[in-house]
Each structure stands twice: as structure tokens, then as C-alpha cells.
Amino acid sequence: MDRSKQKQMNQNENETDAAINGYFDGRVKIPGWKAGGGSGATGNPSTTVPSSSVMESWREERTRSLEDNEMSLPSIAAAYTTILRGLGEDPQRQGLLKTPWRAATAMQFFTKGYQEKIIDVLNDAIFDEDHDEMVIVKDIDMFSMCEHHLVPIFGRVHIGYLPNKRVLGLSKLARIVEIYSRRLQVQERLTKQIAVAITEALQPAGVGVVVEATHMCMVMRGVQKMNSKTVTSTMLGVFREDPKTRDEFLTLIRS
Amino acid sequence: MEYQKAAELNGLCNGKIVTEYLCRNGFSELTENFDTKKVAVQHKNETSRKEAEDESRLPALEAAYTTILQGLGENTDRQGLLKTPLRAAKAMQFLTKGYHETIFDVLNDAIFDEDHEELVIVKDIDMFSLCEHHLVPFFGKVHIGYLPSKKVVGLSKLARIVEIYSRRLQVQERLTKQIAMAISEALQPVGVAVVIEAAHMCMVMRGVQKMNSRTVTSAMLGVFREDPKAREEFLALTKSA
């Protein structure tokens with residue numbers, strides 16, 4: 001019953017929001033951005049914003065509530081019991097007795113990003129400051145789940161932005177990372193979502209996000225390359241257009 | 001039926017002292033002086049999971065993963081998640097492939113008579129396992145040392161023993177002991193030492209969320225337990241600079 005409710009919720013969102021955590025269709029349109037055309041329907045392609053799906057993310061509906069969590073816990077736990085049996089283990093032995101519940105709760109924790117909205121997290125911490133130099137928060141530890149294998153991804157996120165009279169509380173950058181990373185993710189999408197969220201919230205002159213992560217799906221299984229790291233970046237606004245700004249950002253996150 | 005066998009698969013042997021080694025993956029109270037006959041009995045026991053059965057179990061695992069995804073509020077019809085239940089089920093089977101294998105298969109040929117009585121160490125063996133309490137990975141390094149008693153084992157076999165026992169639903173303490181016991185049984189050496197240092201994602205990604213914490217466990221058998229000098233030598237040689 002609650003599953004159909006969720007399905008319905010999902011379907012409604014499919015109308016407005018391509019998927020809860022799916023691809024952006026098209027490009028991002030930021031009202032008020034320069035690059036000749038500003039907030040027109042046809043802005044400069046490099047600074048046009050994707051469909052309404054992303055603009056909605058600022059005001060997006062929460063997809064999961066704490067009550068949903070409680071209601072779906074028994075079915076997730078039952079699924080884990082099936083998995084334990086399917087792997088040849090005995091779910092009745094002492095070490096595994098409560099494992100389905102622990103694993104279900106753990107999995108709900110790893111996807112708690114679905115419970116939160118950006119607007120709750122950011123609402124108060126935007127300040128008017130007459131600052132127009134780069135602000136960087138680097139080495140933010142990030143833990144996510146690979147949506148293809150349901151295996152952890154972990155690494156670091158570096159965020160930089162050039163404010164346009166409005167700055168953000170610093171921990172809010174880390175909270176944005178938390179909201180988007182605690183989901184079933186693809187690293188490319190995660191990077192973009194973080195950049196777009198900051199852009200929408202602050203309308204800065206530019207945003208740069210670099211994510212460097214280790215994928216357990218590559219380390220623990222498959223190709224089994226222990227030391228491989230995947231690096232993705234999103235540069236928006238002046239970070240994309242001006243190579244000097246981008247260089248400054250990349251140098252500062254390296255040091 | 002098979003769950004009866006699996007009851008002892010990776011668990012405590014019901015608290016009793018096991019003289020017949022039916023318990024393939026449990027703590028055992030046995031000493032290192034094994035009857036080869038008892039060992040052979042153990043090895044003749046079937047594994048709880050045959051490779052051939054993996055394929056037939058996939059649909060049930062897939063259905064379970066689909067339920068989980070839906071329970072988490074995700075839309076299982078979106079492009080990125082379409083084949084995820086299948087991939088996740090196969091990944092989980094790979095991560096628990098240690099249940100397929102027995103020590104006997106892996107070690108059978110590679111024990112050699114060598115007149116060597118000095119410490120042999122294989123260190124920094126990367127290890128990946130799954131926490132049996134949260135089904136979340138833990139990974140780290142294993143250092144193994146043994147003092148042979150006329151019999152040495154092929155070096156990669158030590159790493160294979162680590163693989164067999166780590167690719168299961170494990171508890172780090174048990175894993176350490178199982179590796180030590182397996183080497184003891186196979187070689188009857190003068191002593192075996194195993195040290196594992198691992199990071200547990202269940203502590204790093206959730207719960208207390210301590211990023212840099214590491215858990216270290218060790219198992220010292222034979223001369224490593226009795227003689228502090230031997231233990232010191234092993235620990236000094238495995239300390240990474």
C-alpha cells in the first residue's frame with residue numbers, strides 16, 4: 001500500500017522532475033546571468049539552464065518522510081532476509097539474527113538525502129556581504145552509493161564560488177554535499193547537482209565543484225583496481241568562461 | 001536442509017567444543033594438532049554454495065533488491081536503475097564467493113618440503129570483506145607470518161586463503177582466527193601469526209562516522225603465542241614505515 005503511494009508520488013514527480021534523481025533533460029537556464037541574452041528563453045548555450053526539472057529542485061517536494069521510512073522498514077528487512085538465504089547463509093545464526101533490520105536501517109541512512117530539501121537547509125544562511133573574491137571549501141568527505149551496484153563510493157568534494165553580493169554559510173556547502181551524496185548516485189550527476197544547487201541558491205558569478213572518489217564497485221569487484229580514483233568537475237558561470245579563474249580555483253584546491 | 005549445514009557455516013559452533021570438524025566457518029576450540037583424518041572429513045563436506053547454484057538463485061536476489069529500491073523511495077523504472085537489481089545481486093554473490101571454495105581445493109598441491117626454519121612473512125595483502133551485521137564493506141590489509149616445520153606453502157596460497165575467508169559475511173575477529181587456523185591445519189607449522197588492520201564502512205559511513213578509525217585484530221598460534229621474541233620479530237617486520 002505504501003509502495004503504491006510512493007510509486008504514485010514518483011510518477012507525479014516524473015511529470016515535473018525528470019526523475020527523483022535522474023538525468024537533467026537539456027541545459028540549465030539561470031535568470032539574471034550575463035552572457036548576452038541573460039534570462040531569455042535562448043541564452044548562451046554555455047550558461048543556459050536545463051528544464052524546469054532543475055529549477056524545481058530548489059522547491060522540490062521531499063520524496064521520503066520519516067514515516068515512510070518506518071513503514072517500509074519491514075519490507076526492506078524481509079528483502080534482506082531473502083538475500084541472506086539466497087547467498088547460502090543461515091539467517092537464524094546468532095551473528096545474522098538482526099542483520100536484516102540493521103542492514104535496512106543502514107541502507108535508509110545511506111539514502112537519507114531523499115528525505116531532505118535544499119530549501120530547509122539553506123533558508124537562513126544566505127547573507128549579503130560585499131565580497132567578490134573566490135570562496136573555497138575543500139576536502140569535504142563524501143560518502144555515496146553507486147546506483148548500479150549498490151556498493152559505496154567515497155571521496156572528497158572541493159567547492160568554490162565567486163559570490164555576487166550574497167554569500168552562503170560555509171557549513172551549508174557541506175550540507176548540500178550531504179543531501180545529494182546520500183542517495184543512489186552516479187558521480188557525474190552528483191557533481192552537477194551540487195553545482196546547480198549552489199547556483200540556484202545564490203546566483204553567484206560562478207561555481208566550481210570537483211569530486212574525487214574511489215568506487216568500491218571497481219575496487220572490490222569487477223576490474224579490482226585498488227588505487228584507481230575517479231575525478232569529475234562542473235564549472236559554471238565565470239569558472240567556465242574565464243580560464244584564469246578556473247586555474248586559481250584548481251591551484252587552490254591542490255595546495 | 002541446506003540451512004542445517006549452513007547453520008554452522010560461518011557461525012559459532014553452538015558453543016560446544018567441536019571434535020568433529022563439521023563447522024566450516026566457526027570458532028573452533030581445536031588445537032593445532034589435527035588428525036589428518038579429521039581434516040579430510042572436513043574437506044569432504046560439501047560447500048554450502050556451489051557455483052552452479054548461483055545462477056538459479058539470481059531471480060530471488062533480484063526480486064529482493066527491487067523491493068529494497070522501492071522501499072527506499074526510488075523509481076525502479078528510471079534508466080539508471082533498470083538493471084540495478086541484477087547487477088547488485090551479482091555483485092553480492094561475488095562479494096560472498098568465499099562460500100564456494102574450500103581450503104583443500106586451494107592448497108592441495110602447493111605444500112613443499114623445505115628445510116627452512118626461519119620466519120616467512122607475506123604482508124600488505126589487500127582484503128575486502130562484508131560486515132555481517134550491516135552488510136556494508138570493510139577493507140584493509142592482512143599480514144601473515146609463519147614459522148615452518150619442514151613444510152612451506154606457496155606464497156600466493158596465503159593470499160588465496162585470505163580471499164576464501166574474507167569474501168564472506170564476516171566479523172573481523174573471526175576472519176583473523178580462521179586464517180590462522182587454516183594455515184595451522186594445512187602445514188602444522190611451529191607457529192602462525194596473522195594481523196589484520198581494517199577500516200569498517202559501518203563506522204565510517206554511518207553510526208559514529210569516524211573517518212580515520214581503524215580496527216586491528218591479531219591471532220597468534222604456537223610459538224608466536226608462547227615466545228615474546230618471535231612475536232616481536234614478526235611485529236617489527238610487518239610494521240609499515
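A quick note: this is a predicted structure, and the numbers were derived from the prediction, not measured. Every chain is numbered from 1, with letters handed out A, B, ... down the list of sequences.
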| field | Polar side-chain atom of B:Thr84 near backbone of A:Glu147 as donor-acceptor pair, under 3.5 Å | value | yes

| remark: Per-residue tally against chain A (heavy atom, under 4.5 Å) across B:Ala63, B:Pro85, B:Ala88 peaks at B:Ala88

| side chain to side chain contact (heavy atoms under 4.5 Å, CB included) with B:Val106: which residues, sequence neighbours excluded? | B:Lys157, B:Arg160, B:Ile164

| query | Okay, side chain of A:Arg64, backbone of B:Gly73: is any donor-acceptor separation there less than 3.5 Å? | reply | no

| Checking heavy atoms, do the side chain of A:Met216, its backbone, both or neither come under 4.5 Å from chain B? | side chain

| query | Relative to each other, are the rings of B:Tyr65 and A:Tyr80 parallel, tilted or perpendicular (30° and 60° limits)? | reply | perpendicular

| So which residues of residues 222-234 of chain A are in contact with chain B at a heavy-atom cut-off of under 4.5 Å? | A:Gln224, A:Met226

| note | In short, B:Arg78 meets A:Leu184 closest at the heavy-atom pair NH2-O, 3.7 Å

| said: Side chains of B:His134 and A:Thr99, heavy atoms from C-beta outward: is any pair under 4.5 Å? | reply: no

| request: Answer whether the closest heavy-atom distance between the side chains of A:Ile76 and B:Leu72 falls below 4.5 Å. | output: yes

| Does the pair A:Arg93/B:Glu132 count as a salt bridge with the N-to-O cut at 4.0 Å? | yes

| query | Taking B:Arg87 for the side chain and A:His148 for the main chain, is one N or O donor matched with an acceptor at less than 3.5 Å? | reply | yes

| Which portion of B:Ser129 sits near chain A, non-hydrogen atoms under 4.5 angstrom | backbone

| message | Taking A:Ala106's backbone N and O only, do any of them form a donor-acceptor pair with B:Arg206's side chain (distance below 3.5 Å, no angle check)? | response | no

